[in-house]
Novice: 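Submitted below is the structure of interest, expressed as structure tokens.
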Amino acid sequence: MEQRLANTWRMPLNDNKFIETALLSDLRVDGRRPSDYRKLTIKLAKQDGSAEVHLGQTHVITFVTAQLVRPYRDRPNEGSLSIFTEFSLMADPSFEPGRPTDAAVELGRVVDRGLRESRAIDTESLCVLSGKLVWAIRVDIHILDNAGNLVDAANIAALVSLLTFRRPECSLTGEDGQDVVVHPPEERDPIPLIIHHLPIAVTFGFFSNENLLVIDPTHHEECVMTGRMTATLNSNGDVCAIQKPGGESVSQSVIMHCLKLAHVKATDITTKIKDAVEIHNNERMLRKIKRHSSSAAVDVCGATAGFGGKQNPLDGDDLECRATPSGQQHSKDGASKNFTGGPSSWTVSS
């Protein structure tokens, strides 16, 4: 991630000089200004806890899952959060199969540090039974296309997935209250995670000329730049984490300038994330209303909406008919057929 090896060897010297010369003129090869982000697109699936993020040509997908595990001994009342990364071989020629590379490990650590150190997620709310059972939240980050700045794209995708994820509700039963019952979504609505704030990662690229500075570097710029720094802040301006993996040294004044820029970008990205999540939640609520309305429908024995020239549903014969439950359907011969599966995938079985 610090150096895209495959592209570094193929990057012509003229291209390197052209990128730096353009930056001296306050321009970038893709037409942006040094402090501009690429186009950010957030897509949410119907399934809770999954997100797809495009940052320019960089493409990342994330999934969030949860399972009940024993808590750590030193934290018996807290759940856990884990970040796992997977680099698709199609995403970059430098990605190799097998064990995770240093770039994959670093990517996971940067995203994890921003979430964990800032206490963005309320881990105490993940406790089900103190000292015995807690929820372990797992975020899987899949890199599908690496066009530069994987950290920011993965961070945004992870936050969106966590915001839309819902865990099953649990209750304690038994004489001693030590038996845990996990309720399915059909029985009780799943519970969203408690997230206090959104730590947004903003990555800066540095070059041999200390006056050159870019935000959201592309893969071409990553081959040329001599240093990188990722600052994680929330919309309030609180610094959650700073990561600088070697490279050119940076003065204190440059770091403070970067933090000011990062605050502005974090506020803008936070707004886009909240807007996308709000749209997703509204669509989810509409699907829930439609599902409940369809499941509450009853058979009215063939009565029609219009009464002109047709049988009135208030006639005595119709009053003798019995409405069937929502899980059944009357057939013409009087027999009923059961619906199996959830409301969204009903099938008729005889």
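We number each residue from 1, following the sequence as shown. Fair warning: this is a prediction, and the values are worked out from it, not measured in the lab.
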Novice: Is there a path of hydrophobic side-chain contacts, each under 4.5 Å between heavy atoms of I/L/V/M/F/W/Y residues, joining Ile61 to Val111?
Specialist: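 No, no single cluster joins them.
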Novice: Name the one of Leu126, Val64, Leu115 that satisfies side chain to side chain contact (heavy atoms under 4.5 Å, CB included) with Leu81?
Specialist: Leu115
Novice: When you measure from the side chain of Lys265 to the backbone N and O of Ser35, does any donor-acceptor pair fall under 3.5 Å?
Specialist: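 Yes: the side chain of Lys265 pairs with the backbone of Ser35.
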Novice: So do Thr173 and Val181 actually touch side chain to side chain, heavy atoms under 4.5 Å?
Specialist: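 Yes - at least one pair of side-chain heavy atoms lies under 4.5 Å apart.
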Novice: Can you find a heavy atom in the side chain of His183 that is under 4.5 Å from one in the side chain of Cys170?
Specialist: no
Novice: Ignoring hydrogens, what is the shortest heavy-atom contact between Leu44 and His280? Give both atom names and the distance.
Specialist: CD1-CB, 3.3 Å
Novice: Set out, in order, the CA-CA distance, both residues' side-chain angles and the distance that settles side-chain contact (heavy atoms from CB on, under 4.5 Å) for Val60 and Ile156, then state yes or no.
Specialist: CA-CA 9 Å; Val60 178; Ile156 295 172; over 6 Å; no
Novice: Run the salt-bridge test on Arg166 and Asp189 with the 4.0 Å N-O cut-off and return the result as yes or no.
Specialist: no
Novice: Mind running side-chain contact (heavy atoms from CB on, under 4.5 Å) on His257 and Leu213 for me, showing each step along the way?
Specialist: CA-CA 10 Å; His257 177 63; Leu213 171 69; 3.8 Å; yes
Novice: Assess whether atom CD of Gln47 is packed by more than 12 heavy atoms of other residues, nucleotides or ligands within 6.0 Å.
Specialist: no
Novice: How far apart are the closest heavy atoms of Phe206 and Arg228, and which atoms are they?
Specialist: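 Smallest interatomic distance, heavy atoms only, reads CD1-N, 3.9 Å.
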Novice: Would you kindly confirm whether Leu261 and Val202 end up in one hydrophobic cluster when ILVMFWY residues are joined by side chain heavy atoms under 4.5 Å apart?
Specialist: yes
Novice: Judged by atom type as modelled, is there a donor-acceptor pair below 3.5 Å linking the side chain of His197 to the main-chain atoms of Ser118?
Specialist: yes
Novice: Evaluate the criterion side chain to side chain donor-acceptor pair (under 3.5 Å) for residue pair Thr226 and Ser208; output intermediate values, then yes/no.
Specialist: CA-CA 6 Å; Thr226 57; Ser208 55; 5.8 Å; no
Novice: Would a distance-only check, ignoring hydrogens and angles, find a side-chain to backbone donor-acceptor pair under 3.5 Å from Asn155 to Gly114?
Specialist: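 Judged by distance alone, no pair lies under 3.5 Å.
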Novice: Are any of the side-chain nitrogens in Asp15 or Lys17 under 4.0 Å away from the carboxylate oxygens of its partner?
Specialist: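 Salt bridge flag = no for Lys17 with Asp15.
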Novice: For Val224, does its backbone N or O pair with a side-chain atom of Asn16 as donor and acceptor, under 3.5 Å?
Specialist: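 No, because the side chain of Asn16 does not come within donor-acceptor range (under 3.5 Å) of the backbone of Val224.
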Novice: If you measure from CD1 on Ile215 to CD on Glu221, what distance do you get to the nearest 0.5 Å?
Specialist: 11.5 Å
Novice: Can you check whether Phe204 reaches Val250 side chain to side chain, under 4.5 Å on heavy atoms?
Specialist: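 A side-chain contact is absent here, since even the closest heavy-atom pair is not under 4.5 Å.
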Novice: First locate atom CZ of Phe84, then atom CG of Leu107, and finally report the distance between them rounded to the nearest 0.5 Å.
Specialist: 13.5 Å
Novice: So does Gln57 have more than 12 non-hydrogen atoms from other groups sitting under 6.0 Å from CD?
Specialist: no
Novice: Measure the CD1-CG distance between Ile83 and Asp112 for me, rounded to the nearest 0.5 Å.
Specialist: 5.5 Å
Novice: Measuring centre to centre across the rings, with the benzene-like ring taken for any Trp, is Phe87 within less than 6.0 Å of His142?
Specialist: no
Novice: So, do Glu52 and His59 sit near enough that their side-chain heavy atoms are less than 4.5 Å apart?
Specialist: yes
Novice: When you look at Arg28 and Glu20, which way does the salt bridge (Lys or Arg N to Asp or Glu O under 4.0 Å) test go after all the steps?
Specialist: CA-CA 9 Å; Arg28 301 168 76 169; Glu20 292 190 2; over 6 Å; no
Novice: Locate the shortest heavy-atom distance separating Arg287 from Lys46; write the atom from each residue and the value.
Specialist: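 In terms of heavy atoms, the two residues are closest at NH2-O, 3.5 Å.
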Novice: Find out whether Phe165 and Leu193 are in side-chain contact, i.e. whether some heavy atom of one side chain is under 4.5 Å from a heavy atom of the other.
Specialist: yes
Novice: Determine whether more than 12 heavy atoms belonging to other residues, nucleotides or ligands lie under 6.0 Å from atom NE2 of His196.
Specialist: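 Above 12, so yes.
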Novice: Carefully, step by step, assess Asn149 and Asp152 under the rule side chain to side chain donor-acceptor pair (under 3.5 Å).
Specialist: CA-CA 6 Å; Asn149 196 13; Asp152 294 10; 3.0 Å; yes
Novice: Quick check on the hydrophobic clustering: are Ile191 and Leu172 connected, directly or via other members, by side-chain heavy-atom contacts under 4.5 Å?
Specialist: no
Novice: At their closest point, which heavy atom of Ile42 faces which heavy atom of Ala276, and how far apart are they?
Specialist: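 Where Ile42 meets Ala276 most closely, the heavy atoms are CG2-CB, 4.0 Å.
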Novice: Taking Asn236 for its side chain and Asp238 for its backbone only, find out whether a donor-acceptor pair lies under 3.5 Å.
Specialist: no
Novice: Does the side chain of Arg188 reach to within under 4.5 Å of the side chain of Ser171, using non-hydrogen atoms?
Specialist: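 Yes. Closest side-chain heavy atoms under 4.5 Å.
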Novice: Is Ile273 linked to Ile121 within one hydrophobic cluster, defined over Ile, Leu, Val, Met, Phe, Trp and Tyr using a side-chain heavy-atom separation of less than 4.5 Å?
Specialist: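 Yes; tracing contacts between hydrophobic side chains, which count when under 4.5 Å, links both residues.
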Novice: Under 3.5 Å, side chain of His219 to main-chain N/O of Gly148, donor-acceptor pair present?
Specialist: no
Novice: Kindly indicate whether the side chain of Ile195, heavy atoms from C-beta on, has any atom under 4.5 Å from the side chain of Leu163.
Specialist: yes
Novice: Salt-bridge test for Arg119 and Glu78: reply yes if a basic N is under 4.0 Å from a carboxylate O, no otherwise.
Specialist: yes
Novice: Could you tell me whether the side chain of Lys244 and the main chain of Glu248 form a donor-acceptor pair under 3.5 Å?
Specialist: yes
Novice: Does this structure show an ion pair linking Arg32 with Asp216, if we count only N-O contacts that are shorter than 4.0 Å?
Specialist: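 Asp216 and Arg32: salt-bridged.
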Novice: Roughly how far, to the nearest 0.5 Å, is the CD1 atom of Ile143 from the OG atom of Ser88?
Specialist: 9.5 Å
Novice: Is there a path of hydrophobic side-chain contacts, each under 4.5 Å between heavy atoms of I/L/V/M/F/W/Y residues, joining Tyr37 to Val110?
Specialist: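 Same hydrophobic cluster.
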Novice: Kindly indicate whether the side chain of Pro34, heavy atoms from C-beta on, has any atom under 4.5 Å from the side chain of Leu212.
Specialist: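 Side-chain contact under 4.5 Å: no.
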Novice: Tell me the closest heavy-atom pair linking Ser80 and Ala136, and the distance in Å.
Specialist: OG-CB, 3.4 Å
Novice: How long is the gap from OG on Ser82 to CG on Asp140, to the nearest 0.5 Å?
Specialist: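 So the gap between those two atoms works out to 9.5 Å.
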Novice: Which pair of heavy atoms, one from Leu233 and one from Leu259, lies closest together, and at what distance?
Specialist: CD2-O, 3.9 Å
Novice: With rounding to the nearest 0.5 angstrom, report the CG to OG distance, Asn77 to Ser125.
Specialist: 12.0 Å
Novice: Mind running side-chain contact (heavy atoms from CB on, under 4.5 Å) on Val128 and Leu68 for me, showing each step along the way?
Specialist: CA-CA 9 Å; Val128 177; Leu68 289 173; 3.8 Å; yes
Novice: Let me see the working for Thr62 and Ser161 under side chain to side chain donor-acceptor pair (under 3.5 Å), right down to the final yes or no.
Specialist: CA-CA 7 Å; Thr62 53; Ser161 296; 2.4 Å; yes
Novice: If you measure from the Lys or Arg side-chain nitrogens to the Asp or Glu carboxylate oxygens, is any gap between Arg33 and Asp26 under 4.0 Å?
Specialist: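 Salt bridge present between Arg33 and Asp26.
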Novice: Check whether Thr271 reaches the backbone of Thr267 with its side chain - one donor and one acceptor, N or O, closer than 3.5 Å.
Specialist: yes
Novice: Could you go step by step and tell me if His54 and Arg38 meet the side-chain contact (heavy atoms from CB on, under 4.5 Å) rule?
Specialist: CA-CA 9 Å; His54 290 266; Arg38 288 171 291 176; over 6 Å; no
